[in-house]
Structures are given as C-alpha cells and as structure tokens.
Amino acid sequence: MAANQERTFIAIKPDGVQRGLIGDIIKRFEQKGFRLVAMKFVQASEELLKQHYIDLKDRPFYAGLVKYMGSGPVVPMVWEGLNVVKTGRVMLGETNPADSKPGTIRGDYCIQVGRNIIHGSDSVESAKKEIALWFKDEELSDYKSSAYEWVYEN
Ligand code: DAT
Ligand code: MG
C-alpha cells in the first residue's frame with residue numbers, strides 16, 4: 001500500500017451529532033487535504049459497539065461507553081492520506097478533553113472524557129479492523145481526488 005493511501009477510521013459520536021458539530025469536524029479533515037473514502041449516518045447496534053470497544057471490555061466505564069455510543073446516531077467515516085492515523089489523532093486531541101490543546105477537535109468542542117464527541121483509530125492495525133467492522137468493501141470508494149497533485153509533491 002502506498003504511504004499516501006493510509007486509511008483511518010473516524011466517527012462522530014452521538015454528542016457530536018446532537019451538538020451540530022458534524023460539518024465543522026468533516027471540514028477540518030477536508031481542509032487538511034485528506035480524502036474522504038466512506039461515510040454514513042447510522043444508529044449503531046449494541047453488538048457493533050461492544051465489538052468496536054472490545055479492548056476496553058474490562059474497564060469500569062465500558063458499559064456506560066457502549067450505552068452512550070448507542071444513545072443516538074453516529075457518523076462513521078474513512079479518511080485517507082499520508083500518516084492519516086497519527087495526524088488524525090493529533091487533530092482529535094487527547095482522550096480527555098481537559099488535556100487537549102485549543103485547536104484540536106476535543107480541545108475546541110468538549111469538556112469531559114465521557115462526552116468527547118469523536119473517535120479516531122490509534123494505529124494502522126486498529127484502523128484496518130475498525131474499517132472492516134463498520135464498512136463493507138463496496139462502501140469504500142476509490143475515486144482519485146482532483147486535489148491530489150496539489151496536496152502531495154509526489
Ligand atoms: P480514545 O478515544 O482517545 O482512543 P480510548 O480508546 O482509551 O481513548 O477510550 C475510548 C473511549 O472511552 C474514550 O474516547 C472515552 C472513553 N473513556 C476512556 N477513558 C475513560 C475514563 N477514564 N472514563 C470515562 N470514559 C473513558
Ligand atoms: Mg481508542
């Protein structure tokens with residue numbers, strides 16, 4: 001896989017949807033130069049959410065986390081570009097919004113860790129797992145962005 005085709009899984013959580021932040025969040029990834037590969041607006045099932053956060057199943061906040069994530073529709077997305085996993089995490093800010101710098105999504109839009117409005121994959125490996133969990137292969141588009149030559153020098 002070419003480095004410029006790295007992909008990450010980003011999801012706007014129910015609080016981000018309810019607070020009217022969908023457009024602002026998508027805009028940041030668009031303006032950065034990343035390519036939108038897939039997006040939907042869905043009410044996730046409990047089964048899907050449990051699987052998505054399976055690595056946290058023994059943490060005390062797991063049940064509340066799954067309930068919160070299922071409390072309304074979410075916007076799962078796949079974004080593509082050079083180092084998009086790492087850069088996406090930088091754009092999100094820290095897990096706890098209190099530790100997130102202004103200028104980051106969590107730093108700008110939220111206050112508490114249990115209402116931190118957005119998810120982003122933490123590694124290329126987990127991105128692959130999460131993309132496969134939320135999207136079918138045929139939902140991932142492979143168009144070439146007309147901005148590509150202006151975003152990358154090679
Ligand atoms: P991240 O979402 O930054 O990858 P994570 O994977 O460690 O963070 O945890 C997943 C989500 O679980 C996180 O976005 C919010 C929630 N969470 C994490 N730590 C928590 C805590 N101490 N109390 C309540 N919710 C927590
Ligand atoms: Mg995580």
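Counting convention: from 1, in listed order, for ligands and their atoms alike. Numbers for residues simply follow the sequence, beginning at 1.
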For this session: May I ask you to check whether E130 and S121 show a side-chain donor-acceptor distance below 3.5 Å?
Result: yes
Problem set entry | Flag for D15-Y68: side-chain donor and acceptor within less than 3.5 Å | yes
Exercise. From K32 NZ over to T87 OG1, what is the distance, rounded to the nearest 0.5 angstrom?
Worked result: 6.0 Å
Exercise. Taking atom NE2 of H52 and atom OG of S45, what is their separation to the nearest 0.5 Å?
Worked result: 12.0 Å
For this session: Check whether more than 12 heavy atoms from other residues, nucleotides or ligands sit under 6.0 Å from atom CG of L140, and answer yes or no.
Result: yes
Heavy-atom distances under 4.0 Å are what count here, so tell me which part of [X] touches ligand 1: side chain, backbone, both or neither.
X    : value
K13  : side chain
L65  : side chain
R106 : side chain
R89  : side chain

Residue [X] vicinity, atoms of ligand 1 by number, heavy atom under 4.0 Å:
X    : result
Y53  : 10 (C)
N116 : 13 (C), 14 (O), 15 (C)
L56  : 9 (O), 10 (C)

Where is the nearest protein heavy atom to [atom]: which residue, which atom, and how far?
atom                    : result
atom 17 (N) of ligand 1 : F61 CE1, 3.4 Å
atom 15 (C) of ligand 1 : V113 O, 3.4 Å
atom 3 (O) of ligand 1  : T95 OG1, 2.5 Å

Exercise. Does the K40 side chain pair with the main chain of W134, one donor and one acceptor, at a distance under 3.5 Å?
Worked result: yes
Exercise. Residues two or more places apart in sequence or in another chain: which of them pass side chain to side chain donor-acceptor pair (under 3.5 Å) with E46?
Worked result: K50
